[in-house]
Amino acid sequence: MFTGCWSGGHRSASRRLPFTLAVHAGTVPTDLFADALASPWSLAVMSLLVLGDAFVVVIPGEVAVTALGAAAVATGAPPLWAVVLCAAAAAALGDACCYLVGRLVGTERWRWMRTPRGRHALDGARRRLDRGAATVLFTARFVPFARLAVNLVAGASHLRPVRYFPLVAVAATGWAVYQAAVGALIAAVLPGGPLVAVPVSIVVAVALGLALDRLTARRQG
């Protein structure tokens, strides 16, 4: 329908109205979506989400990294290395800010810290840090509420910065590589380009996050 236009009473295949081409072929939505993902703003938005995720666990930092990891493979932009680099830097900065908050205000200043769940998480983080900071800081990076508690307690217990910051940088880099790799793998396996790979990667990221939360809660319980 409307695949060509008439000029001078003769149908011309070479002269077509703009709306008769890409719109009906279904390429315009895909192109717009790909352009939005390829924009430098996508990395900025992802970094802000990851940074905010360090303080507010419901912010979808993991989801954003996984989605851009899928976009990097499906469309070629943004580059996968840029996704990993920005995600790692934002994650390390967010964790460091939590550490500084714990060091300056402690772990009893706000109401949520005094709730049963808050006390349980903070006390558990303190016990685990006493047993081995390196392992705890690395593994906690993958569990939203656990990493918040661990970083606050690390600051409140005055874990030495010279030890804390290198460990956090390594943990943030490992986390960024993992999250981006999940999206990249999905995009490499699934056909359909970004319109398929990105939504599927988001679902997988949410499912993995819920699974990790449940596993952690079961082990602590």
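In this chain, numbering begins with 1 at the start of the sequence shown.
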Quiz item: Taking the hydrophobic residues Ile, Leu, Val, Met, Phe, Trp and Tyr, and joining any pair whose side-chain heavy atoms are under 4.5 Å apart, which ones share a cluster with L51?
Solution: L93
Same cluster (ILVMFWY, side-chain, under 4.5 Å), [X] and [Y]:
X	Y	result
V203	L185	no
V182	L80	no
V45	F55	yes

Please name the pair of heavy atoms, one in [X] and one in [Y], separated by the smallest distance, quoted to 0.1 Å.
X	Y	answer
V101	L152	CG1-CD2, 3.9 Å
L68	S42	CD1-O, 3.6 Å
V65	V83	O-CG1, 4.0 Å
A184	V73	CB-CG2, 3.4 Å
V200	I186	CG1-CG2, 3.8 Å
C86	M46	CB-CE, 3.7 Å

Quiz item: Got a sec, which residues hit salt bridge (charged side-chain N to carboxylate O under 4.0 Å, His left out) with R141, two or more places apart in sequence or on another chain?
Solution: D95
Quiz item: Between Y99 and R103, do the side chains contain an N or O donor and an N or O acceptor separated by less than 3.5 Å?
Solution: yes
Quiz item: Side chains of V63 and Q179: does their closest heavy-atom pair fall under 4.5 Å?
Solution: no
Quiz item: Do D53 side-chain atoms and L49 backbone N/O form a donor-acceptor pair below 3.5 Å?
Solution: no
Donor-acceptor pairs under 3.5 angstrom involving side-chain atoms of residues 165-176: please list them, not counting sequence neighbours.
residue	atom	partner	partner atom	Å
T173	OG1	A169	O	2.8

